[in-house]
2 protein chains.
Amino acid sequence: MNLKQLSEILGLSQTTVSRALNGYPEVNAETRERVEAAARKHNYSPNRRATSLATGRSMTIGHVIPASTQHEMVNPIFGDFVAGAAGVYGEEGYDMLFSHVTDGDEERAYTDLKRKGTVDGVIVQGPKVNDARIEVLTRLGLPFVVHGRSSGAGQDYSWVDVNNRRSFKRATEFLLDLGHRRIALINGLEDMDFAQRRRAGYLEALAERGVTPDQALMRSAEMTEVYGHHETRDMLALSDPPTAILAASMISAIGVRRAIEEAGLTIGKDVSVITHDDELSYLRNGQDVPIFTATRSSVHQAGRVLAEMLLRRIEDPSVVPEQILLEAELVVGRSTGPVPTGD
Amino acid sequence: MNLKQLSEILGLSQTTVSRALNGYPEVNAETRERVEAAARKHNYSPNRRATSLATGRSMTIGHVIPASTQHEMVNPIFGDFVAGAAGVYGEEGYDMLFSHVTDGDEERAYTDLKRKGTVDGVIVQGPKVNDARIEVLTRLGLPFVVHGRSSGAGQDYSWVDVNNRRSFKRATEFLLDLGHRRIALINGLEDMDFAQRRRAGYLEALAERGVTPDQALMRSAEMTEVYGHHETRDMLALSDPPTAILAASMISAIGVRRAIEEAGLTIGKDVSVITHDDELSYLRNGQDVPIFTATRSSVHQAGRVLAEMLLRRIEDPSVVPEQILLEAELVVGRSTGPVPTGD
DNA sequence: AATGTCATTCAAAGCGCTTTGAAAGCCTTT
DNA sequence: AAAGGCTTTCAAAGCGCTTTGAATGACATT
């Protein structure tokens, strides 16, 4: 059932039927009702591709997944973020498209997306320091918003980010207040912008209290469970092990906990742990009392906010870029305590 | 730059340029080269929507996410599965589209997808017992494959599944061999088909050894960490607590571990744990020696296999449905041991 | 009665591509 | 020299929709 057939059945022109269905005012109320009834009856809905070709809009939002950072996709954080965005897309009638790109081809991918008209806009995830994508997208004129920021990207662009520097600074201060001096940072990959900012906050807090940072206590990699475990085990074996650990995600914090327990130590007593908590649906930080003391910020919510921002930009691309900086809460759980008195 | 412009530049008809670019044989070799060079030079690539409209193929695969089972998307397992599928789509030039559907509207969503021509096929995830989607899709004639099976769906359809019954039977037997008799099952949601089969395997093993199943030791819910923790804590408080636990996923197993340790017990000694391990990228089951004894089957691999199967069906919808039953390995880790001798 | 206005409706062009059916040009065969 | 067969190219139709510009008819105004 297509528009032509429907209009023939109704004895109307395609124009009138199309207008009736799309809510244009210059259609007789009675006619409109007849058309709508017929559409329902014959189960008509317009062909997306044809509509898209005619209007120049695809009603689809793109997410480009590079093959290397394919890890991006398997990261549980990704799921919650994307689910947040998808909720908004759904409400507004947009679909979400993932384009899987072989490495280094990102620029070409965006160019293609624009030229082929596959999507109306894209969300940039996991921005690195000095991320090239921002310049490419600005140049292409393809509407986009960034989850996070990219230091040194130059352009003025739309983003939503957590105040990573401040939240990690506060977390570090919290540990310092408890008397800890040997504080380790199990960070994410440091070419990621967020990881840089977290480290900056951590270092800033140490500096203000006159604590000299120790390279041996600063680790950086993709935030898996095994990684959290491995680095913790490694650091606990040091002659001067940390008494507190800052972890970058719930997943690596789980590895941290495993290593601490394997070492026969008690979390929150022998070793304090603070993690960043993205409020992942499948990895809630406990039920009533949080398992981990944590800097908390919902990545699901961030997904919603970004999607809304992007749709606004698509509506009116001329609007000036928006920036939203979310503050993370510092919630106290059972994983932190005063520094153990040496004996 | 579109086809018309490109053909004007070249002094050729659109037909010839289109054919040259699409590898049709009836184009002079020299002409083809000229066309290809020009296309590269002017950075031409065909408009997806127009191509799609003309050919009737969208080169897109759909995944429908119901709002309720939106949890589906935030499930870390989902990420790995989808990444596996996305890899195949990428290689074959397909895109992946997520359609977010308000609840109960799934049937309409599929109907729309078909009628609007948005996708060439869909992957059905998380099939329930007697899943209605299979009948709908068969009726619509929209190519599809199922990740898992749906008992009682009647139709003959294509699927890839893990032998859940057998793997949970083996895991149970493994525990029985170690002398365990109080074996708990922390299952997934039991309207999910896979959970039913796992329970069947578990019960079968118990029955063959003459062990009477205990309802108090069988739990079922969405496989989060908190759930694993909660049920374990609850069961350990029983007057006759389990000495072994079967968990449905790494995530809930992590919660199980937490509860065991909180109770001051040692995993693998006081309580044995076996989990199903989907080989999630961010939640590897240890590095060399597995953390948990586990039934292991890569969900990433399943994603690849299903995607390939679907593309085959799209190529030739008349081909008879394929079915692949994957066997899970039973790998022994440090979470299982002989039943503690009562004292 | 002639003119102007408004509310409705329509025919046709256009979005950018693929594909059908025909034409043109050049060889080969008779 | 005419006919037939290849190879290569092309004009035009068609995919299903939106949208422009025009037409129609009813009604109010002069």
Side-chain angles (χ1 to χ4, degrees), chain A residues 1-36 38-39 42-60 93-95 111-120, chain B residues 1-39 42-60 93 95 111-120:
Chain A
M1 175 61 52
N2 59 26
L3 184 61
K4 191 172 171 196
Q5 293 167 25
L6 185 64
S7 58
E8 277 165 7
I9 288 174
L10 283 161
L12 289 168
S13 71
Q14 296 188 37
T15 310
T16 303
V17 176
S18 170
R19 299 203 133 143
L21 257 22
N22 290 316
Y24 281 69
E26 63 269 46
V27 176
N28 186 304
E30 193 183 310
T31 308
R32 186 190 306 278
E33 268 177 33
R34 256 184 63 220
V35 170
E36 282 171 350
H42 295 91
N43 217 4
Y44 168 79
S45 78
N47 179 303
R48 181 68 159 266
R49 297 185 300 233
T51 309
S52 191
L53 182 58
T55 59
R57 296 197 39 183
S58 64
M59 297 304 282
T60 305
Y94 281 80
D95 280 331
T111 313
D112 275 13
L113 238 37
K114 164 75 176 185
R115 199 168 46 224
K116 295 188 182 178
T118 322
V119 303
D120 293 335
Chain B
M1 173 63 52
N2 59 25
L3 184 62
K4 191 172 171 197
Q5 292 167 26
L6 185 65
S7 59
E8 276 165 5
I9 288 175
L10 282 160
L12 289 167
S13 72
Q14 296 188 37
T15 310
T16 304
V17 175
S18 171
R19 300 204 131 144
L21 257 23
N22 290 318
Y24 281 69
E26 65 268 46
V27 177
N28 186 304
E30 194 181 309
T31 308
R32 186 190 306 276
E33 269 179 32
R34 256 182 66 218
V35 171
E36 283 172 348
H42 295 91
N43 218 5
Y44 167 80
S45 78
N47 180 302
R48 179 68 159 268
R49 298 184 300 235
T51 309
S52 190
L53 183 57
T55 59
R57 299 203 27 188
S58 64
M59 296 304 284
T60 305
D95 281 331
T111 315
D112 276 12
L113 238 36
K114 163 79 175 183
R115 201 170 43 227
K116 295 187 181 178
T118 322
V119 304
D120 293 333

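Naming: A, B, ... by sequence-line order, numbering from 1 per chain.
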query = What's the verdict on side-chain hydrogen bond (donor to acceptor under 3.5 Å, both in side chains) for T15(B) and S18(B), showing C-alpha distance, side-chain angles and the deciding distance?
reply = CA-CA 5 Å; T15(B) 310; S18(B) 171; over 6 Å; no

message = Could you tell me how far apart N2(B) (CG) and dC15(C) (C1') are, to the nearest whole angstrom?
response =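 Taking atom C1' of dC15(C) as the reference, CG of N2(B) is at 10 Å.
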
Spacing of Y44(B) atom OH relative to dG16(C) atom C1', expressed in whole Å =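 After rounding, the gap between these two atoms is 8 Å.
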
key: Distance in angstrom units between L21(A) CG and dT19(D) P, rounded   =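 Result: 13 Å.
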
query = Between L53(B) and N28(B), which is nearer to the 5' end of DNA chain D once each is assigned its nearest nucleotide?
reply =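 It is N28(B) whose nearest nucleotide is closer to the 5' end.
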
query = Atom CE of M59(B) and atom P of dC15(D): how far apart are they, to the nearest Å?
reply =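 That distance rounds to 22 Å.
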
ask   = D95(B) and R48(B): salt bridge (charged side-chain N to carboxylate O under 4.0 Å, His left out), yes or no, with the steps?
value = CA-CA 11 Å; D95(B) 281 331; R48(B) 179 68 159 268; 3.3 Å; yes

query = What is the nucleic acid contact for T15(B), judged by heavy atoms within less than 4.0 Å: base, sugar-phosphate only, or nothing?
reply =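 It contacts base atoms.
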
message = Please determine whether a side-chain nitrogen or oxygen atom of N22(A) lies at a distance below 4.0 Å from atom OP1 or OP2 of dT18(D).
response =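 Indeed, a polar side-chain atom of N22(A) lies that close.
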
message = Closest approach to the side chain of R19(A), judged atom by atom: which nucleotide of dT9(C), dT20(D), dT9(D) is it?
response =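 Of all the options, the side chain of R19(A) is nearest to dT20(D).
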
task = Nearest whole angstrom, please: distance from the P of dT19(D) to the CD of E26(A).
result =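 Rounding to the nearest Å, CD of E26(A) and P of dT19(D) are 11 Å apart.
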
key: Per T16(A) side chain, nearest of listed nucleotides dC10(C), dT9(D), dT18(C)   =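 Looking only at side-chain atoms, T16(A) lies closest to dC10(C).
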
inquiry  = For a 4.5 angstrom cut-off between non-hydrogen side-chain atoms, does K116(B) reach N47(A)?
reply    =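 No; the side chains remain at least 4.5 Å from each other.
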
task = Tell me whether the OP1 or OP2 atom of dT18(C) has a side-chain N or O from Y24(B) closer than 4.0 Å.
result =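 No, because none of the side-chain N or O atoms of Y24(B) sits under 4.0 Å from OP1 or OP2 of dT18(C).
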
Nucleotide of dC17(D), dC10(C), dC15(D) approaching T51(A) most closely (side-chain heavy atoms) =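 When the side chain of T51(A) is considered, dC17(D) is the closest of dC17(D), dC10(C), dC15(D).
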
request  = Begin with the C-alpha distance, continue with both residues' side-chain angles, and end with the deciding distance and a verdict on side-chain hydrogen bond (donor to acceptor under 3.5 Å, both in side chains) for Y24(B) and R32(B).
outcome  = CA-CA 10 Å; Y24(B) 281 69; R32(B) 186 190 306 276; over 6 Å; no

ask   = Which listed nucleotide (dT18(C), dA11(D), dT9(C)) is nearest to the side chain of L3(B)?
value =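 Taking heavy atoms from C-beta onward, the closest nucleotide is dT18(C).
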
message = Within the 4.0 Å heavy-atom criterion, would you say R49(A) contacts the bases, only the backbone, or no part of the nucleic acid?
response =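 Touches nothing.
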
query = OP1, OP2 of dT18(D) versus side-chain N and O of S18(A): anything below 4.0 Å?
reply =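 Yes, such a contact exists.
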
request  = Take atom CZ of R57(A) and atom C1' of dG16(C), then tell me their distance rounded to the nearest Å.
outcome  =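 These atoms are roughly 19 Å apart.
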
ask   = In whole angstroms, how far is the C1' atom of dC15(C) from the CZ atom of R48(B)?
value =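 So the CZ-C1' distance, R48(B) to dC15(C), works out to 17 Å.
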
message = Please identify which of these residues, L12(A), T31(A), V27(A), meets the side chain to side chain contact (heavy atoms under 4.5 Å, CB included) condition with V17(A).
response =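 Only one option passes, and that is L12(A).
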
request  = Specify the separation, in whole Å, of atom CZ of R32(A) and atom P of dT8(C).
outcome  =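 Spelled out: CZ on R32(A) to P on dT8(C) is 10 Å.
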
inquiry  = Heavy atoms only, 4.0 Å cut-off, all strands: where does S52(A) land among base, sugar-phosphate and nothing?
reply    =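 No contact at all - S52(A) keeps every heavy atom at 4.0 Å or more from the nucleic acid.
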
ask   = Which residue, N47(A) or L12(B), contacts DNA chain D at a nucleotide closer to its 5' end, judged by nearest heavy atom?
value =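 This one resolves to L12(B).
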
